[in-house]
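Quick notes on the structure that follows.
So you know, we letter chains A, B, ... as the sequences are listed, proteins then strands, and number each from 1.
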2 protein chains.
Amino acid sequence: MDKLKQYLNTRPQDELHPSEIANLLKDLNEKYFDEAVQSIPKELIADVALELPDRYFGDVVENFTPQEIAESLSEMESDDQTDFIQELEEHDDSKAKQVFEQLDKEDQQDILQLKQYEEDEAGAYMQVEVYAAKLDQKVEDVIKEFAELKRKDELENINYLFVTDEEGHLRYGVGLDDLILFDFKKTLRENIQENPEKFRPVIGHDYDDIREIVQKFQEYDLNSMPIVDTYGKLLGRITSDDIYDIINEHATDQMYNLAGVNDEAEEDVDLIKAGKARAIWLGINLLTAIAASLVIGLFENTLQTYVALAVLMPIVASMGGNAGTQSLTVVVRQLALGDIAKHDAWRTIKKEVILSLGNGLLFALVMGIIAWVWFDKAMLGIVIALSMIINLLSAGFFGSMVPLLLKKLNIDPAIGSTVILTTVTDVVGFFSFLGLATLILL
Amino acid sequence: MDKLKQYLNTRPQDELHPSEIANLLKDLNEKYFDEAVQSIPKELIADVALELPDRYFGDVVENFTPQEIAESLSEMESDDQTDFIQELEEHDDSKAKQVFEQLDKEDQQDILQLKQYEEDEAGAYMQVEVYAAKLDQKVEDVIKEFAELKRKDELENINYLFVTDEEGHLRYGVGLDDLILFDFKKTLRENIQENPEKFRPVIGHDYDDIREIVQKFQEYDLNSMPIVDTYGKLLGRITSDDIYDIINEHATDQMYNLAGVNDEAEEDVDLIKAGKARAIWLGINLLTAIAASLVIGLFENTLQTYVALAVLMPIVASMGGNAGTQSLTVVVRQLALGDIAKHDAWRTIKKEVILSLGNGLLFALVMGIIAWVWFDKAMLGIVIALSMIINLLSAGFFGSMVPLLLKKLNIDPAIGSTVILTTVTDVVGFFSFLGLATLILL
């Protein structure tokens, strides 16, 4: 709190960046938070609220009137405005409506347009404020027009000039580093015609999968990409800062899915939502754990005779689960990064089986000897060694096969694959260990 | 193969982007790969080799002479040149030396300079080819100089003009969208003086942690960042395409660390390396699994009396492991994304304990009834229900506490935390279940 006030006093207001304020607020003790929020410069309220982790959003907006929020919101670009309104709707629907009504017609239309897109569509991530010049404009006129808009603060962070025909269809993209070398007295068309291929932009369509767009940014090292509709009309642009966020979000999604956690539910202030989402996966896990127990139940007699089996049996399942998770994680991630090509499935499975079988042989030997010495029974060592080889072999096979199969079926390979895998390694682990014990020891 | 040839024939060579070639090669059957590699345009060899997943690198470079590789390498920027040489060194050290010697003095020096930085230092990711203007240059002279360099193809992808003093200390950064609005007849200094605050750049130092740099790119929505030395001298720049790669790499690292897999070892063509790295974690897991078995061993008598306990006991451990992994994953990821602030440790632990305790109560009830009905023994239901509550409670506590503690000790919270956690959930699970059974049932 003191720190924020100090900070606000030592630096002129217009220098503060919303993320600096957000960082200071985050580190504050809850007690001082509300007081500190009041000292956020009014024009940055919406920015700061979006920069903070989701759980602070409500605390920030509660401290300001719809009027104040709307004013700071009108300073933002359309994609951020839409994010903000959607976030606010989740917290306080009636306040969201009030804020929306305070915005001017143009902002309202932009938000309504962007809200139509699904979460995985490129259109949902674009900002519609783009400056486009017409092909037959003179370069010097373009620059004059551009300067005018800059002075009015209507443009920022531009490094790419979009050039359209009279109907608004995107034709070319000219980097500003090329634009300043153009002949200012000639039209854009005349300048571009000297080397039109160079100015052919990498474009995205509004209904494209956002994953493909991210892929293109990485492949072509882009800073920004124009987004057009089905007819080639320029709609907006996606910029590198959107891509940073999306890459992070997708990685979070993937990690959470592997662990049986839902990203959206976790971000909600309502703990019940996160708890419910987690409970679903725990419930599925309970069913698979019971299935594994049923397998154990088949061998009650064997267990009765050799209690040592009950002592050792979780080791086989645990090692299989771990080796399988190693394979699964590598395959899921490499699929997401595009490192596994279409014809690579067989090569991938082979690699994972070799790796887990290799380690299976190693640890079978180690554990076989330990079990033999521990319980002074050589055959017990052989039983655990054999079952360990079987279980790690199947861990490598299923750890790679399950995500590849899910991908083939167009299901996200991170969702549910962990549960399927541990069911396999538990069932195979218990069955092979207790089964072999029944055959060999009884 | 046919596809690549077709492609190469239907499009003029200078239009091809390395990533397009890489994508076509990746989808080829191994049989045709070598032949297709030969048809990569010579000037793109190095680019394509870097774009492909690591395992193809050797196959590509084997098909070309050091001379050919050096020529294509000389077209690249210094950061990519350094990546390429380092990758080649891992594959074929003598060929790497030959290629290096074919490069011109300047490229050699750049590579040697960049190789000095550690993997986590900003300097390792910068390119040293930057265009900088002097404060007292006239804008029109700057643009003339700039045009000259662009014509020689020595500059690309510039959207930010760095302005230094006579000694090369970075003073300002001017976006090209601002530069074209400057008075071309005046010096940079005169133009900038009208609003110097606006042109104060967000900078990084060469020895900064690359994670901090990535953070700044996200917070300030940057496309590129100048990197300076301790004295403020301009050394190079990091661009958005580097940031995309780094964000992805860090996420991969984190997922792999949680699963007990090593990123670098997995990317190596040598399977032995990946196998060894995985074996280390499996070995540690074996030790903890044996520890859990020792706990079970304490209750051999109880197990002898009630074999049903052996059947049910993995359920308690499995549910604890899963609930703990949920907490662990969320906390590790939120720590990495900066969503958990310094004073947030207590709030985080509390949240995770509430969530896992809530689900613990739910599934204790469910499983208690199942066990009661299954084995027709009410007390058995009570034993499993109580141990489930205890185990899920400790899963939430340790699942959040372990990564927070590791972070506090400046250890990567993703490394080893899974093993620590499953040890806890196994030991607590078996001990509470069998211990309560001994107390209540015997």
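- For B:Met313 against A:Ala310, the heavy-atom pair with the smallest separation is CE-O, 3.4 Å.
- Contact count versus chain B (heavy atoms, under 4.5 Å) is highest, among A:Thr418, A:Leu161, A:Thr325, A:Ile247, for A:Ile247.
- A distance-only check finds a donor-acceptor pair linking the side chain of B:Gln326 to the backbone of A:Gly260 [under 3.5 Å].
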Item to check | side-chain contact (heavy atoms from CB on, under 4.5 Å) between B:Arg55 and A:Arg347, worked out | outcome: CA-CA 12 Å; B:Arg55 65 175 178 279; A:Arg347 189 192 57 78; 2.9 Å; yes

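- Ring-plane geometry between A:Tyr244 and B:Phe217 is classed as perpendicular, the angle between the planes exceeding 60 degrees on a 0 to 90 degree scale with a lower cut at 30.
- Heavy-atom distances place both the backbone and the side chain of A:Ser327 under 4.5 Å from chain B.
- Interface check for chain B: of the options A:Leu222, A:Ile340, A:Leu312, A:Val366, the most heavy-atom pairs under 4.5 Å are formed by A:Leu222.
- With a threshold of 4.5 angstrom between heavy atoms, A:Asn359 approaches chain B through side-chain atoms but not through N, CA, C or O.
- Heavy-atom distances place the side chain of A:Leu355, and not its backbone, under 4.5 Å from chain B.
- For A:Leu337, the part lying near chain B is the side chain, with the backbone staying farther off; criterion is any non-hydrogen pair under 4.5 Å.
- The distance from atom NZ of B:Lys26 to atom CG of A:Asp344, rounded to the nearest 0.5 Å, is 9.0 Å.
- Contact annotation for A:Ile354: only side-chain heavy atoms (C-beta onward) come within less than 4.5 Å of a heavy atom of chain B.
- Atom OG1 of A:Thr288 and atom CG of B:Asn322 lie 7.5 Å apart (nearest 0.5 Å).
- Ranked by heavy-atom pairs under 4.5 Å with chain A, the first of B:Asp221, B:Leu181, B:Asn223, B:Thr329 is B:Asn223.
- With a 4.5 Å cut-off on side-chain heavy atoms, B:Tyr160 and A:Asn159 do not count as touching.
- For A:Asp263, no part sits under 4.5 Å from any heavy atom of chain B, backbone or side chain.
- No side-chain donor-acceptor contact under 3.5 Å links B:Asp339 to the backbone of A:Pro53.
- Proximity to chain A (any heavy atom under 4.5 Å) is shown, for B:Val419, by neither the backbone nor the side chain.
- With a 4.5 angstrom heavy-atom cutoff, A:Ala279 touches chain B via backbone and side-chain atoms both.
- The candidate from A:Ala317, A:Ser240, A:Pro18, A:Ala147 with the greatest count of non-hydrogen atom pairs under 4.5 Å with chain B is A:Ser240.
- Residue contact with chain A, scored on non-hydrogen atoms closer than 4.5 Å, involves the backbone and the side chain of B:Ile290 alike.
- Per-residue heavy-atom pair counts under 4.5 Å with chain A were compared for B:His250, B:Lys276, B:Lys351, and the maximum is reached by B:Lys351.
- Interface remark: B:Ala323 contributes backbone and side-chain atoms alike to the contact with chain A (heavy atom separation under 4.5 Å).
- Residue A:Val214 does not touch chain B at all, counting heavy-atom pairs closer than 4.5 Å.
- Interface remark: of the candidates A:Val261, A:Asn248, A:Thr239, A:Asn248 forms the most heavy-atom pairs closer than 4.5 Å to chain B.
- The OG atom of B:Ser356 lies 7.5 Å from the CZ atom of A:Arg278; values are rounded to the nearest 0.5 Å.
- Of the inter-residue distances, the one linking B:Lys144 atom NZ with A:Ile180 atom CD1 reads 13.0 Å to the nearest 0.5 angstrom.
- Annotation: maximal heavy-atom pairing with chain B below 4.5 Å, among A:Ala274, A:Ala289, A:Ala292, occurs at A:Ala289.
- Heavy-atom minimum distance, A:Met255 versus B:Leu258: CE-CD1, 3.6 Å.
- Interface remark: A:Leu294 contributes backbone and side-chain atoms alike to the contact with chain B (heavy atom separation under 4.5 Å).
- To the nearest 0.5 Å, the span separating CG on B:Leu287 from CD1 on A:Ile315 amounts to 10.0 Å.
- Only the side chain of A:Phe375 comes within less than 4.5 Å of a heavy atom of chain B; its backbone N, CA, C and O stay farther away.
- Most heavy-atom pairs under 4.5 Å with chain A: of the set B:Leu282, B:Leu362, B:Asp242, this distinction falls to B:Leu282.
- Taking CG from A:Leu286 and OG from B:Ser318, the interatomic distance works out to 8.0 Å, rounded to the nearest 0.5 Å.
- Of all non-hydrogen atoms in A:Asn285 and B:Met319, the two that sit nearest each other are ND2-SD, 3.3 Å.
- Interface summary for chain A: among B:Asp245, B:Leu271, B:Ile143, B:Leu303, the most heavy-atom pairs under 4.5 angstrom belong to B:Leu271.
- Side chain of A:Gln218 to main chain of B:Asp241: no donor-acceptor pair is present (N/O by atom type, distance under 3.5 Å, no hydrogens or angles).
- In terms of non-hydrogen atom pairs under 4.5 Å with chain A, the most contact-rich of B:Thr252, B:Val295, B:Ile296 is B:Thr252.
- Chain A forms the most heavy-atom pairs under 4.5 Å with one residue out of B:Ile272, B:Leu309, B:Asn23, and that residue is B:Asn23.
- For the set A:Lys198, A:Glu219, A:Glu300, A:Glu51, the count of heavy-atom pairs under 4.5 angstrom toward chain B peaks at A:Glu219.
- There is no contact between B:Leu328 and chain A, counting heavy-atom distances below 4.5 Å.
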